[in-house]
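Everything below concerns the one structure shown next.
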Amino acid sequence: MKRATMKADEVHTPTATIKGLEISIGKIIDDEWDEKMGPTPMPSVTDLRGWDFRLLERYKPFYGPFCDSCCLCTYGKCDLSDGKKGACGLGIEPQQGRIILLACLIGSTAHGAHARHMVDHFLETVGDMDIDMGDNVQVEAPVTRLVTGIRPRRMSDFLDVLDYGEREILHLLSAAHTGQEGNVIDFESKALHASMIDQMFMEVADIAQIVRYDLPKGDPEAPLVEIGLGVIDRTKPVVMCFGHNALSATSVMDYTNIKGLYDSVEVAGVCCTALDMTRYESRAKIAGHISHQIKYLKTGVADVITVDEQCIRTDTLELAQETGTVVIATTDKICYGLPDRTHEPAQETIDLLVEGKLPGALILEPEMVGEIAVEVAMKLHPKRKKKRFDVKKAASACSQCKQCNKACENFIDIARGMKEAQEGNYSYFSEIFMRCIGCGRCLPVCSKNIDIIRVMTEAAKEKIMNEKYKIRVGRGPIQDTEIRNVGQPIVMGEIPGVIALVGCPNYEEGPEEVVEIAKTFLDRRYIVVATGCAAMDMAMWKNEEGKGLYELYPGRFDAGCLANVGSCVSNAHIAGAAIKIASIFAHRDLRANYEEIADYILNRVGAVGIAWGAMSQKAASIATGVNRLGIPVIVGARGAKYRRMYLGRKDIPEDWIVYNARDGSKVQVGPGPEHLIYASESKEEAIVTAAKLCIRPNDTSKGRQIKLAHYIDLHKRYFGEYPDDIHLYVRTRSDIPITEKDTIDRILKENNWEEKQIPDPTLLERLVRRR
Amino acid sequence: MKRATMKADEVHTPTATIKGLEISIGKIIDDEWDEKMGPTPMPSVTDLRGWDFRLLERYKPFYGPFCDSCCLCTYGKCDLSDGKKGACGLGIEPQQGRIILLACLIGSTAHGAHARHMVDHFLETVGDMDIDMGDNVQVEAPVTRLVTGIRPRRMSDFLDVLDYGEREILHLLSAAHTGQEGNVIDFESKALHASMIDQMFMEVADIAQIVRYDLPKGDPEAPLVEIGLGVIDRTKPVVMCFGHNALSATSVMDYTNIKGLYDSVEVAGVCCTALDMTRYESRAKIAGHISHQIKYLKTGVADVITVDEQCIRTDTLELAQETGTVVIATTDKICYGLPDRTHEPAQETIDLLVEGKLPGALILEPEMVGEIAVEVAMKLHPKRKKKRFDVKKAASACSQCKQCNKACENFIDIARGMKEAQEGNYSYFSEIFMRCIGCGRCLPVCSKNIDIIRVMTEAAKEKIMNEKYKIRVGRGPIQDTEIRNVGQPIVMGEIPGVIALVGCPNYEEGPEEVVEIAKTFLDRRYIVVATGCAAMDMAMWKNEEGKGLYELYPGRFDAGCLANVGSCVSNAHIAGAAIKIASIFAHRDLRANYEEIADYILNRVGAVGIAWGAMSQKAASIATGVNRLGIPVIVGARGAKYRRMYLGRKDIPEDWIVYNARDGSKVQVGPGPEHLIYASESKEEAIVTAAKLCIRPNDTSKGRQIKLAHYIDLHKRYFGEYPDDIHLYVRTRSDIPITEKDTIDRILKENNWEEKQIPDPTLLERLVRRR
Amino acid sequence: MAKPYFPGNVPGIKMAMAVTPEQAAKIIKKAERRILVAGAQLEEVEQAINLADGAIVAAPDTVRQFKEKGASPVVMNKVSITNLLRDASSWKGLDGKGSYDLAIYMGSPYYFESQMLSCLKHFSSCKTIAVSRFYQPNATYSFDNLSEKKWKEALTDLVKFVEE
Amino acid sequence: MAKPYFPGNVPGIKMAMAVTPEQAAKIIKKAERRILVAGAQLEEVEQAINLADGAIVAAPDTVRQFKEKGASPVVMNKVSITNLLRDASSWKGLDGKGSYDLAIYMGSPYYFESQMLSCLKHFSSCKTIAVSRFYQPNATYSFDNLSEKKWKEALTDLVKFVEE
Ligand code: SF4
Ligand code: SF4
Ligand code: SF4
Ligand code: SF4
Ligand code: SF4
Ligand code: SF4
Ligand code: SF4
Ligand code: SF4
């Protein structure tokens, strides 16, 4: 409330020396929204602390530090091992909280800066626009409404939202200074706050681009487009756009389109920029995600690469120079030391780049990028000498020292591949190709200085050529009507759960695990949603008839459907869907009512996120953001390197007590969901656990039966056994899946099971209706 | 410019459900300021990149990494040793730039959050106020004017300034995400930007509190107040305020004052909160800085400690509990897991604290803190049992294992002290007491679990009791009139330099080195200014007549004077003074004209910062901020742990070429200033180098003579020799100090010296008046 | 001194003591109550059973194999058991009879196990010994990095010494 | 293995080889062009002179002592000389005759010297040897942590071996 009242005295105005400026005060957004303001509009760092403490009392942070030291100030390095404290008094546990806070802040600001860049740019270049997400999406910005209490109707309404977010970031980052917060739970509460802000930032970013570029507005039948390492026709000039902010990529597509060049120039994207490009223009191609950047760079496929922001190899310029690819940097996030040519004539820049007088340029005006990128590609393409790369010869230098193997965290047997390649046998390299995450760590350790990635990629060339799949274009938000249809079955448990496959590709086994996870749940009629790199990897499979998941399963938000929501920032729509279930289906007040909605989701909405290869700080804040909202997340084994999980203790019954909102009594509801975020050692464990994490205290008996049936069935299928915690999830006999009745009866008896009440569950005492 | 135009379409309004709200659009800040808008109002991350690149071409970053790894994402830990790159492509050098960026951002946000907290709070509680810094300060916010182009007239004008700063922080922090910036100089440019924003944040914070609390407005005769470890009368109830944001401390002082309790309650501060307290109320006492926190905590001197923010031992609550001191946390930065009692009745909270039912409380409403803190102290004081601590007995447990000695980075021979203490001899502990930085690292390693700090402090008690000195209250900004008086002699070089002693106390030798540095320059009629911990330590000395520096030297901004500007945020006034020299004395356009002013300062204003014990991220951003403005900084040996310096190469003549603004010719001007930031191994080196760093290309011959004379004299005094680079600083024969003529003639001959031109120096080609 | 298998994985200050099978056996036998924690990738089920002193926690993925060989492990993923072990002071063990003073870790992805061991290193009184193929710096004791063949032998030796 | 004197000061991956005076002497004698870099706290001026092969850089604080003992060092603070050495490929040395392949560091505050050595470790081809009392992990080679007495002896031995 503090924030809201504050704004009353404040009118922002231009610093009015700008020539010819007309000060036209557009509209005063008075309150057309009839929903009453909830308790926490634009919550401060401490406003939701109570909720966080309640969550973290149950889901205690678990830390596996990466480092025994702290190196953040010149009192350090401090030795934090064996319980020692740093010179500022900080112990290793709060230090982990501090590291997590920093990670979540970095993640949050990545999306926030993206959102800010877009909104500012759109307002500047096209002026204000109505936020119209189509007839099927009336609740157009659920996260923003929930967090800020603002219902954005115009693009400019986002300015207040962003200002608020930026203010919170300021406060939060300052808490990481030496000699600030000292309590680990308070650090985590701040991380949760940073990550909630991230959800809001993502929503603003995605809505802004949807509105500006008329991207699909929750279209379940968004078109299918090409994806894969084989989609690029190398005989044509190639422009590739790397990154996560499609502003400059749209200019590449516009130029290509306007000049009628789509037949003669290949325009492809890598990472989320690629996903967003296809939302704009289905002739754009998705060439893959972060794992493949180095492979494209090493083989020099692109004539021009544009880089915008986030998750782009930081040595892109250096690698591009190896093959004469030109690099155009397009935002302040990535400048690579390149000369700023924004204010120079485009033609001059084009000439300098084509003539090789500059290896690249910084062009900060997105609208300029298209012409320069496409023209340079067309002029450069015929000039670039494509030296044939002799794989066998390169491989023949290998001395089988196996230094490379030791560097590879994916345990790829590079030495074996080299040996086979020496004999012209490329099957191993082809086979493991998709398992290579492109980290490049094998390169510097090679005792023979072999360009391993190049060898591997050229060896796998034939396979790569065939790597062509279909992905459904990111649809954007979930429609209100879809929510109305599935709200009841989700909350009652009849749709067993919503599985969101999101995040980066930092895993050992390549796309196949993600595909299997998705398919398992699709076939069991869970709702599956996807974003980002996960949405891409999920496409990288075909059945015998040559059909992929996106072709086999409809794009709706419904049981047995696979909805590609879009890029990283589209993740907000997944949180948004959960919020809309509470709001549209259950008619809970949405506006500035964070705690109640999160409580609702935690206790009722069986949604689970799986970020199987989560790598980035963004993934950390995305996961932590949905955690605050009551949605559990599973990360892969490598996710343990985030250093923190939120773990429940199913062996402590008191940890699972809720209020019964009907009468205020305290009821033990069993460990559902068991954890808020945890790293799973194996794909099998992740699948089984995801099914379990869909269990929520509010499940009807019918719903619980279904959920338990899946859980038990999956457990048996993967592990050949019944799980050992069934008794914890059976509240009354009617919860027991009929097909398993006898066994479960036995299990219940063995465990001295007693019947429990099914309450109207809440963690918030104030929601109790009467005592 | 982009930012400025943007604002035109943007009108912020309340989310208008607030009851009874009157929308009164106060004033549209149209342009009453007749100075024309400069080229870079509210510069974006890239707008000043050209300037940064120019600076860093000459002053190349030098890195001494603290760690061979990067641990910032789950691709890691990455091994960056031996030139290897991380999985994202980042090498160790840009990684250092990234770490520096993070440090500067953390520092900058600490001040930004402080400023935002104050401005929001003041607007909310007292409404808008005129920014009136008194008749002698017409250019009231030079940094803000310079950076944003805004001339703030009312407190609410700061809202735009803060919004801008927060936006930049957002963009900058996002650049630290995995796969963003890849170039080390671009990372540094971003760090410089973050740190420029910090200067602005500090200025806002300090002006806000000056205006709100009517603190001294540039008063050279601000009162002298008590400082020292002996100032507290332990027989009375004691409230100590730790931190850097005096909001809640003012409420403690107000309550004490209103209730007429100043005779019966001790109100003292530690760190910058203490400095700011005395600016508000000269009956408040300064108990010392961060080094002494643990000593106060261990001996339980305070009945109540309030903590606000920054540089406060993070284990304060834990340590306070050892002695039954109550802790009141007062901001979102530091919550210590304490229950939020902001919305509970004060009396109830007081009772709970006095009865020991709570070890502390979180009170987020500053106005509530005074009553609770003072009442609890008064009630608790008689109840607290002061167990006599038997020093001899405690020390007698010591086995002389010397583990403690190995932990002490200040090489204090604790074991020796223990041995002597066993015999009742406390002289060693008393002697080294001020050298102990209170890091507490000796504590956990003691094989006999001796409470070393307690022993040391109790042993030094007698000495401590006498530690009472005088410090001049922080005066705030430099007056325009003072600038008018000293502008010419500074720019011409006749006042040999401005030495700013700032920052933290992370040094080996205690206050005496800072005292010596200050005194050396004062006696040579440099202008000496001070802030923060350095301003405090400078007070901790007396001459034979019992007079300290603040008593011996006047508080003006003038030759041979010592101006205590104030707390950390008051540092902005030092940068502000340099800016005002360019603006008021030299009539350079100030408004949004960053590059030109920085160029002016770099080439003309012989100011040098010395942060002898710089420890914090704030110190990093403060130093980096003045670096962008062309002011060099010297840190102590421990400052090498910041990992980065900006070093000039005096052996490369081409690095020292400037444009002559008169005709556009390029002139070699010699290495002045030689470095932008560097760590000095010894106090002697620092003194001599500071004198040298005052040399600027624009010095008149008379000025150069004076500066050289000091440099040579100090070099001889400390090192017994002539410096070996005199010939580089003699441009024409008239630069030669007359007293040294013969020797220098010889030196010049030996070095084949040739006469050089004295240009009107600038690094900015566009400032060349004609060709 | 032993180096982490992935060179980046240096925790800094406190690193496991690298032990031979003989030394490892002594450490294991000296423990008052030990627990064997087997991960999802475990193949050496028999050796695991032989190293254990009854208390075995197996990842669900491998339970079948344990049972086939006559053991009856508690089924739990490694995160959960590590979470219990970090609470060494209050958790009463699989049998409710008290805490463990040594946990034998094996059978998980290297980097994953490293984080689990780091948790216990910092937050538990329970010591750990890692007997997988690669040196785990975050354990209290660990085998050094070994070739596949050498490691198999080491494991066999270890079992032999423990059973002696 | 040697441990940094301040336990926090573990750089992680690449740590100096701890050497005895004899080994140190071999390394020093094997160098093609060595430079001795003496810090502001140096007391062992004579040994420093004897370790050097002509090329001495002394912090201004100690130049007098060097001259008194007949040496003529170049006067430079440690930051500046380190800054030149990191540019090993292009800086032509004190005498303009070429770069150095070994720098002997001594006589500075521990943490300060550590950062200087770290710079060269990462950014220079010039190897470093630290012969102060405490183990410097960021050097290429370093004495181990020694007592005052042992260190004095080590330094004497080192000079002897170098002169042999
Ligand atoms: S922030 Fe604290 S723990 Fe970290 S280096 Fe500084 S004093 Fe040590
Ligand atoms: S680039 Fe691929 S093969 Fe090389 S280390 Fe990384 S994952 Fe392994
Ligand atoms: S490191 Fe190089 S030479 Fe050694 S096995 Fe690998 S590819 Fe072959
Ligand atoms: S999913 Fe992860 S790796 Fe992929 S683009 Fe998003 S943050 Fe980057
Ligand atoms: S926290 Fe990271 S950067 Fe710091 S010392 Fe540890 S591994 Fe190195
Ligand atoms: S940010 Fe880059 S260098 Fe750092 S851990 Fe991640 S991949 Fe490695
Ligand atoms: S607290 Fe004082 S004596 Fe103890 S280690 Fe720190 S500086 Fe040394
Ligand atoms: S560590 Fe403790 S016992 Fe050992 S010398 Fe120091 S004070 Fe004495």
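Chain identifiers are assigned alphabetically (A, B, ...) following the order of the sequence lines, protein sequences preceding nucleic acid strands; residue numbering begins at 1 within each chain.
No other option in Ser114(C), Gly39(C), Ala59(C) has as many heavy-atom pairs under 4.5 Å with chain A as Gly39(C). Of the listed residues (Asn9(C), Leu84(C), Asn138(C)), the one with the most heavy-atom contacts under 4.5 Å to chain A is Leu84(C). Between chain A and the options Gly12(C), Pro137(C), Pro60(C), heavy-atom pairs under 4.5 Å are most frequent for Pro60(C). By number of non-hydrogen pairs under 4.5 angstrom with chain C, the leading residue of His675(A), Lys650(A), Arg638(A) is Arg638(A). When each of Lys406(A), Glu684(A), His715(A), Gln96(A) is checked for heavy-atom pairs under 4.5 Å with chain C, Lys406(A) comes out on top. When each of Asp61(C), Val10(C), Val75(C), Asn77(C) is scored by its heavy-atom pairs under 4.5 Å with chain A, the top score falls to Asp61(C). The residue among Arg441(A), Glu409(A), Arg643(A) with the most heavy atom pairs within less than 4.5 Å of chain C is Glu409(A).
Atom CG of Asp651(A) and atom CG of Asp87(C) lie 8.5 Å apart (nearest 0.5 Å). A distance of 9.5 Å separates CG of Asp725(A) from OG of Ser80(C), quoted to the nearest 0.5 Å. A distance of 8.0 Å separates CE in Met645(A) from SG in Cys119(C), rounded to the nearest 0.5 Å. Taking CD of Gln41(C) as the reference point, atom CD of Glu508(A) lies at 6.0 Å (rounded to 0.5 Å). Taking CG of Leu647(A) as the reference point, atom CZ of Arg86(C) lies at 7.0 Å (rounded to 0.5 Å).
The neighbour count for Glu721(A) CD, taken as heavy atoms of other residues, nucleotides or ligands under 6.0 Å away, is above 12. No more than 12 heavy atoms of other residues, nucleotides or ligands lie within 6.0 Å of CD in Glu32(C), so this atom counts as exposed by the packing criterion. Residue Lys160(C) qualifies as enclosed at atom NZ: its count of foreign heavy atoms under 6.0 Å is above 12.
Contacts of Ile652(A) with chain C are absent, with no heavy-atom separation under 4.5 Å from either backbone or side chain. For a residue to count as touching a neighbouring chain, one of its non-hydrogen atoms must lie under 4.5 Å from one of that chain's; by this rule Thr82(C) touches chain A with backbone and side chain alike. Proximity to chain C is absent for every atom of Lys77(A), based on heavy atoms less than 4.5 angstrom apart. Contacts of Phe62(A) with chain C are made by both backbone and side-chain atoms, with heavy-atom separations under 4.5 Å. With a 4.5 angstrom heavy-atom cutoff, Asn145(C) does not touch chain A via any of its atoms.
Using a distance-only test at 3.5 Å, with no hydrogens or angles considered, no donor-acceptor pair links the side chain of Ser118(C) to the main chain of Phe66(A).
What you find for Phe112(C) and Ala679(A) is that their closest heavy atoms are CE1-O, 3.9 Å. Residue His122(C) comes nearest to Pro65(A) through the heavy atom pair CD2-CG, 3.4 Å, listed as atom of the first residue, atom of the second, then distance.
Using cut-offs of 30° and 60° for the angle between ring planes, the Phe123(C) and Tyr63(A) rings count as tilted.
Side-chain contact between Val79(C) and Glu681(A) is absent, with no heavy atoms from C-beta onward closer than 4.5 Å. For the pair Ile13(C)/Ser69(A), a side-chain contact is recorded, criterion being any heavy-atom separation below 4.5 Å from C-beta on.
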Q.
Run the side-chain contact (heavy atoms from CB on, under 4.5 Å) test on Asn83(C) and Tyr678(A) for me, step by step, so that the C-alpha distance in whole Å, both residues' side-chain angles and the decisive distance to 0.1 Å come before the verdict.
A. CA-CA 11 Å; Asn83(C) 194 32; Tyr678(A) 111 102; over 6 Å; no
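Applying side-chain hydrogen bond (donor to acceptor under 3.5 Å, both in side chains) to Lys14(C) and the options Asp79(A), Asp82(A), Asp68(A) leaves one that passes, Asp82(A).
Val159(C) pairs by the side chain to side chain contact (heavy atoms under 4.5 Å, CB included) definition with Gln47(C), Asn50(C), Leu51(C), Glu163(C), not counting sequence neighbours.
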